[in-house]
Amino acid sequence: MGVFGNLFGGNDEKGKSEKKVVPWIPLNSLGQLKEIEQKSSAKTQIIFKHSTSCGISRMVMNMFNSGYDLEEGQVDLYYLDLHAYREVSNEVGYHFQVIHQSPQLLVIRNGSVVTHASHGTIAEIDLQKYV
């Protein structure tokens with residue numbers, strides 16, 4: 001295969017690796033927020049707030065998915081579609097005392113947000129530090 005085939009994603013089987021599946025848990029009810037708070041005393045809880053209508057949010061989600069490297073069971077990772085569950089999205093900010101942004105990642109330990117980021121800075125969070 002030529003140079004252009006490699007540059008533009010040709011069918012070269014070499015270099016293909018098994019894609020890791022991110023273990024998302026849908027966040028779609030207010031009751032889950034109290035559960036997340038309680039579970040955070042034993043295991044790190046992560047919430048990813050995603051805007052399904054925003055290109056930047058989609059790009060950040062793709063980057064997060066491709067760079068996710070935690071082993072299954074190390075954390076609980078929640079996905080929140082903030083358009084479909086607007087009330088839940090609003091309550092996340094009140095409950096965990098963070099200003100709403102989208103996309104946004106919250107890392108929760110012992111009932112509190114220990115770090116959070118939005119947009120491109122989500123990729124700068126080293127999740128291994130919070131496991």
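Just so you know, residue 1 is the first one in the sequence shown, and it goes up from there. As a basis for the values below, the full set of heavy atoms in this structure was taken, side chains included, without hydrogen atoms, waters or symmetry mates.
- Judged by distance alone, with hydrogens and angles left aside, the side-chain atoms of Ser41 form a donor-acceptor pair with the main-chain N or O of Gln38 at under 3.5 Å.
- Annotation: side chain of Tyr130 is not in contact with side chain of Ile46 (no heavy-atom distance under 4.5 Å).
- The minimum heavy-atom distance linking Ser89 with Lys49 is given by the pair OG-CE, 3.4 Å.
- Leu127 pairs with exactly one of Thr115, Val75, Leu77, Leu105 by the side chain to side chain contact (heavy atoms under 4.5 Å, CB included) rule, that one being Leu105.
- Met59 and Ile122 are members of different hydrophobic clusters when ILVMFWY side chains are connected at heavy-atom separations under 4.5 Å.
- With sequence neighbours excluded, the residues that form a side-chain hydrogen bond (donor to acceptor under 3.5 Å, both in side chains) with Gln101 are Ser118.
- A donor-acceptor distance shorter than 3.5 angstrom exists from the side chain of Gln104 to the backbone of Ile99, with no hydrogens or angles considered.
- Sorted by first and then second residue, the salt bridge (Lys or Arg N to Asp or Glu O under 4.0 Å) pairs with a member in residues 61-74 read Lys20-Glu71; sequence neighbours excluded.
- Side-chain contact between Lys39 and Glu35: present, with at least one pair of heavy atoms (C-beta onward) separated by less than 4.5 Å.
- Side-chain contact between Ser51 and His83: present, with at least one pair of heavy atoms (C-beta onward) separated by less than 4.5 Å.
- For Gln45 (side chain) and Lys43 (main-chain N/O), a donor-acceptor pair under 3.5 Å exists by modelled atom type.
- In this structure, OH on Tyr79 lies 12.5 Å from CZ on Phe64, to the nearest 0.5 angstrom.
- No single ILVMFWY cluster, assembled from side-chain heavy atoms under 4.5 Å apart, contains both Ile56 and Leu82.
- With a 4.5 Å cut-off on side-chain heavy atoms, Met61 and Pro103 do not count as touching.
- Rounded to the nearest 0.5 angstrom, Asn65 CG and Phe48 CZ are separated by 7.5 Å.
- Closest of all the heavy-atom pairs between Met63 and Ala123 is CE-CB, 4.1 Å.
- Distance check: Glu91 CD to Ser29 OG gives 11.5 Å after rounding to the nearest 0.5 Å.
- A distance of 4.5 Å separates NE2 in His50 from OG in Ser57, rounded to the nearest 0.5 Å.
- Taking 4.5 Å as the limit, some side-chain heavy atom of Gln74 sits within range of a side-chain heavy atom of Gln128.
- By the 4.5 Å side-chain criterion applied to Ile, Leu, Val, Met, Phe, Trp and Tyr, Ile36 is assigned to a cluster that also includes Ile25, Leu27, Leu30, Leu33, Ile47, Tyr78, Leu80, Tyr85, Val88, Val92, Phe96, Val98, Leu106, Ile108, Val113.
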